[in-house]
Chemist: 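Got a structure for you, written out below as structure tokens; questions coming shortly.
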Amino acid sequence: MEPTHSWGPPHPEQLGWTLDRHILERQRSTPDATGDFTGLFQSIALAGRMIASRVHKAGLSDVLGRAGETNVQGEEVQKLDVLANQVLVRCVEAGGHVCVMASEENEDIIPIPAHFPHGKYVLMFDPLDGSSNIDVCMSIGTIFSIHRRTSKSGPGTREDCLQKGTSQVAAGYILYGSSTVLVYTTGDGVHGFTLDPLVGEFFLSHENIRIPKRGSTYSVNEGNTSKWSPGMREWVQWLKSDEAPGGKPYGLRYIGTLVADFHRTLLKGGVFAYPGDVKNPNGKLRLLYECAPMAFIAEAAGGAASTGTQRVLDVEPETLHDRVPLFIGSADDVADAVRHVS
Ligand code: AHG
Ligand code: MN
Ligand code: MN
């Protein structure tokens with residue numbers, strides 16, 4: 001008896017569409033590509049697989065809880081923050097593809113040891129995003145941003161890191177959730193890859209992600225309402241009323257991990273917000289390794305990202321750990337937010 005269902009097109013896995021192959025295809029179509037970008041991406045993907053392995057058995061290995069120190073952000077550092085940071089630095093520094101790195105967990109730049117070659121790229125990252133969710137088994141992530149160096153040669157400098165979001169070569173994140181998904185863009189399309197832990201490879205699972213022009217959810221920590229500006233309070237009140245677009249209130253979704261809240265917004269539409277408030281006028285999220293990479297992805301998928309007063313990608317960084325308010329997601333939803341809060 002013939003099966004009644006069609007299996008549809010072969011699954012990407014069957015086509016061998018791994019992340020490596022996707023990056024190699026891009027390299028082949030880039031005139032005078034040197035393979036440096038490919039090598040850097042492979043190092044990042046290796047780090048992601050190593051972090052995923054620890055995250056997904058965190059309860060069984062001694063990586064839960066606090067590391068007993070505070071970082072430059074003045075936050076309690078979790079053991080997994082430290083581990084993820086070390087894994088990324090170790091996986092990338094020897095490859096000769098970067099001249100300097102910067103991390104949420106390091107106050108100053110991370111130099112490349114003198115005995116390794118210094119490459120043409122700059123890598124900045126939030127090694128473990130959503131640290132407060134580690135111990136309760138909620139989704140967490142890693143965020144990365146890649147620039148080309150501005151200095152000529154030799155060891156990279158802080159100025160190499162202090163570049164506007166528009167000059168990113170690539171940006172991406174790894175979401176350690178019900179599955180491990182790596183999403184990246186080089187500005188030309190946004191693509192997602194799901195890790196098959198048994199094979200140890202990321203396979204293409206979300207080709208050319210486009211964010212809907214408008215969604216039906218908003219994502220914000222309403223616990224901060226009393227500290228918001230009147231415009232911010234009005235905007236959220238409006239979304240919760242029958243005057244909201246579509247004539248019915250938006251739903252609230254908030255995990256407290258930027259990577260997870262953004263990934264849902266990217267796939268389903270809607271808007272994520274971490275605004276400034278009376279206590280922290282620039283909000284909580286960091287420009288170089290949280291807001292700018294996410295903004296690069298959002299815009300490449302047809303969405304938008306604003307500080308409330310300007311495009312995130314246009315912000316000129318002054319220090320490695322600058323914070324900016326963030327409104328990111330569907331173009332129409334972000335435009336509504338900016339209209340209320342600016
Ligand atoms: P990190 O764990 O790297 O410090 O980032 C946490 C950030 C971000 O992931 C999330 O959107 C935000 O903190 C949540 O902040 P609140 O707990 O104040 O809502
Ligand atoms: Mn973070
Ligand atoms: Mn972090």
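Counting starts at 1 for both ligands and their atoms, following the listed order. All figures in this text were calculated on a predicted structure; none of them were measured in a lab.
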Chemist: With the side chain counted from C-beta on, respond yes when Trp17 and Glu25 share a heavy-atom pair under 4.5 Å apart, and no when they do not.
Modeler: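 In short, these two side chains touch, coming nearer than 4.5 Å.
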Chemist: Just heavy atoms, cut-off under 4.0 Å: does Phe262 contact ligand 1 by side chain, backbone, both, or neither?
Modeler: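 Neither; no heavy atom under 4.0 Å.
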Chemist: Please check: side-chain N/O of Asn106 versus main-chain N/O of Ile109, any donor-acceptor pairing under 3.5 Å?
Modeler: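 Looks like no, no N/O pair under 3.5 Å.
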Chemist: Check the side chains of Asp322 and Asn282 for a donor-acceptor pair under 3.5 angstrom, ignoring hydrogens and angles.
Modeler: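 Absent: no donor and acceptor within the cut-off.
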Chemist: Check whether the ring centres of Tyr289 and His321 lie less than 6.0 Å apart, and answer yes or no.
Modeler: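 Tyr289 vs His321: aromatic centres under 6.0 Å.
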Chemist: Quick one: does Leu285 get within less than 4.0 Å of ligand 1, heavy atoms only?
Modeler: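 Right, Leu285 reaches ligand 1.
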Chemist: Does some non-hydrogen atom of Asp261 fall short of 4.0 Å from ligand 1?
Modeler: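 Distance cut 4.0 Å: Asp261 fails for ligand 1.
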Chemist: Can you tell me which residue and heavy atom of the protein come closest to atom 18 (O) of ligand 1, and the distance to 0.1 Å?
Modeler: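 For this ligand atom, the closest protein heavy atom is Tyr274 OH, 2.7 Å.
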Chemist: Please determine if Asp126 has a nitrogen or oxygen closer than 3.5 Å to a nitrogen or oxygen of ligand 1.
Modeler: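 N/O-N/O distance below 3.5 Å exists for this pair.
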Chemist: Does either side chain, that of Tyr173 or that of His263, offer a donor lying less than 3.5 Å from an acceptor on the other one?
Modeler: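 Judged by distance alone, the side chains do pair up.
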Chemist: Closest to the Mn ion (ligand 3), which N/O/S atom of Asp126 is it?
Modeler: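 Of the nitrogen, oxygen and sulfur atoms in Asp126, the Mn ion (ligand 3) lies nearest to OD1.
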Chemist: For the backbone of Ala84 and the side chain of Arg54, can you confirm whether one donor and one acceptor N or O come within less than 3.5 Å of each other?
Modeler: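 Absent.
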Chemist: Have a look at Glu290 and say which of its N, O or S atoms is nearest the Mn ion (ligand 2).
Modeler: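 It is OE2, the N, O or S atom of Glu290 closest to the Mn ion (ligand 2).
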Chemist: Looking only at distance, does Ser132 have an N or O less than 3.5 Å from an N or O of ligand 1?
Modeler: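 Between Ser132 and ligand 1 (N or O atoms, distance only) the closest approach is not under 3.5 Å.
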Chemist: Main chain of Leu204, side chain of Glu207: is a donor-acceptor contact present, judged purely on distance under 3.5 Å?
Modeler: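 Here the side-chain-to-backbone pair does not exist.
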Chemist: Please identify which atoms of ligand 1 are closer than 4.0 Å to at least one heavy atom of Ser131.
Modeler: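 Ligand 1 atoms under the 4.0 Å threshold to Ser131: 2 (O).
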Chemist: I need the nearest protein heavy-atom contact for atom 10 (C) of ligand 1: residue, atom name and distance, please.
Modeler: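 The protein heavy atom lying closest is Gly256 O, 3.4 Å.
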Chemist: Decide whether a cation-pi geometry holds between Arg26 and Phe37; the criteria are a distance under 6.0 Å from NZ or CZ to the six-membered ring centre and an angle within 45° of the ring axis.
Modeler: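 Arg26 over Phe37 ring: yes.
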Chemist: For Arg264 and Ser219, run side-chain hydrogen bond (donor to acceptor under 3.5 Å, both in side chains): C-alpha distance rounded to whole Å, both residues' side-chain angles, the deciding distance at 0.1 Å, then the answer.
Modeler: CA-CA 10 Å; Arg264 181 200 55 250; Ser219 186; 3.1 Å; yes
Chemist: Report yes or no: do Ser145 and Gln168 form a side-chain donor-acceptor pair below 3.5 Å?
Modeler: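 Side-chain D/A pair, Ser145 to Gln168: present.
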Chemist: Considering only non-hydrogen protein atoms, determine which one is nearest to atom 1 (P) of ligand 1 and report residue, atom name and distance to 0.1 Å.
Modeler: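 The answer is Gly130 N, 3.6 Å.
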Chemist: Measuring from the Mn ion (ligand 3), name the closest N, O or S atom belonging to Glu104.
Modeler: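 Atom name of the closest N, O or S in Glu104: OE1.
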Chemist: Determine whether the side chain, the backbone, both or neither of Asp81 has a heavy atom under 4.0 Å from any heavy atom of ligand 1.
Modeler: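 Contact part for Asp81 vs ligand 1: neither.
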Chemist: Under 4.0 Å from any heavy atom of Leu128, which atoms of ligand 1 are there?
Modeler: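 Counting atoms of ligand 1 from 1, those under 4.0 Å from Leu128 are 2 (O), 3 (O).
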Chemist: Give the atoms of ligand 1, by number and element, whose distance to some non-hydrogen atom of Glu290 is under 4.0 Å.
Modeler: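 The list of qualifying atoms is 3 (O), 5 (O).
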Chemist: Considering non-hydrogen atoms of the protein only, which is the closest contact for atom 15 (O) of ligand 1, and what is the distance?
Modeler: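 Checking every protein heavy atom, the shortest distance to atom 15 (O) of ligand 1 gives Lys284 NZ, 2.9 Å.
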Chemist: For atom 19 (O) of ligand 1, what is the nearest protein heavy atom, given as residue, atom name and distance?
Modeler: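 Here the nearest protein heavy atom works out to Tyr254 OH, 2.5 Å.
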Chemist: Would one find an N, O or S atom of Leu128, in either backbone or side chain, under 2.8 Å from the Mn ion (ligand 3)?
Modeler: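 Short answer: yes, at least one N, O or S atom is under the cut-off.
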Chemist: Which residue and non-hydrogen atom of the protein lie closest to atom 11 (O) of ligand 1, and at what distance in Å?
Modeler: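 Looking only at protein heavy atoms, the one closest to atom 11 (O) of ligand 1 is Leu258 N, 3.3 Å.
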Chemist: Where is the nearest protein heavy atom to atom 5 (O) of ligand 1: which residue, which atom, and how far?
Modeler: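 Scanning the protein heavy atoms, the shortest distance from atom 5 (O) of ligand 1 goes to Asp129 OD1, 3.1 Å.
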Chemist: Which of the numbered atoms in ligand 1 are below 4.0 angstrom from a heavy atom of Phe272?
Modeler: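 Ligand 1 atoms under the 4.0 Å threshold to Phe272: 11 (O).
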Chemist: For the rings on His22 and His191, is their centre-to-centre separation under 6.0 Å?
Modeler: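 Centroid distance His22-His191: below 6.0 Å, so yes.
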Chemist: For residues Thr34 and Lys120, is any side-chain donor paired with an opposing acceptor at under 3.5 Å?
Modeler: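 Indeed, the side chains of Thr34 and Lys120 share at least one donor-acceptor pair under 3.5 Å.
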Chemist: Identify, for atom 4 (O) of ligand 1, the protein heavy atom at the shortest distance, and state residue, atom and that distance.
Modeler: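 Result: Arg286 NH2, 3.1 Å.
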Chemist: Quick check: Phe202 with Tyr184 (ring centres under 6.0 Å apart)?
Modeler: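 They do not qualify: ring centres at least 6.0 Å apart.
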Chemist: Please determine whether residues Leu195 and Leu46 belong to a single hydrophobic cluster, defined as Ile, Leu, Val, Met, Phe, Trp and Tyr linked transitively by side-chain heavy-atom distances below 4.5 Å.
Modeler: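 Linked within one cluster.
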Chemist: Could you list which atoms of ligand 1 come closer than 4.0 Å to a heavy atom of Asn221?
Modeler: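 Answer, ordered by atom number: 16 (P), 18 (O), 19 (O).
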Chemist: Taking the Mn ion (ligand 2) as the reference point, name the nearest N/O/S atom of Asp129.
Modeler: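 Going through the N, O and S atoms of Asp129 one by one, OD1 ends up nearest to the Mn ion (ligand 2).
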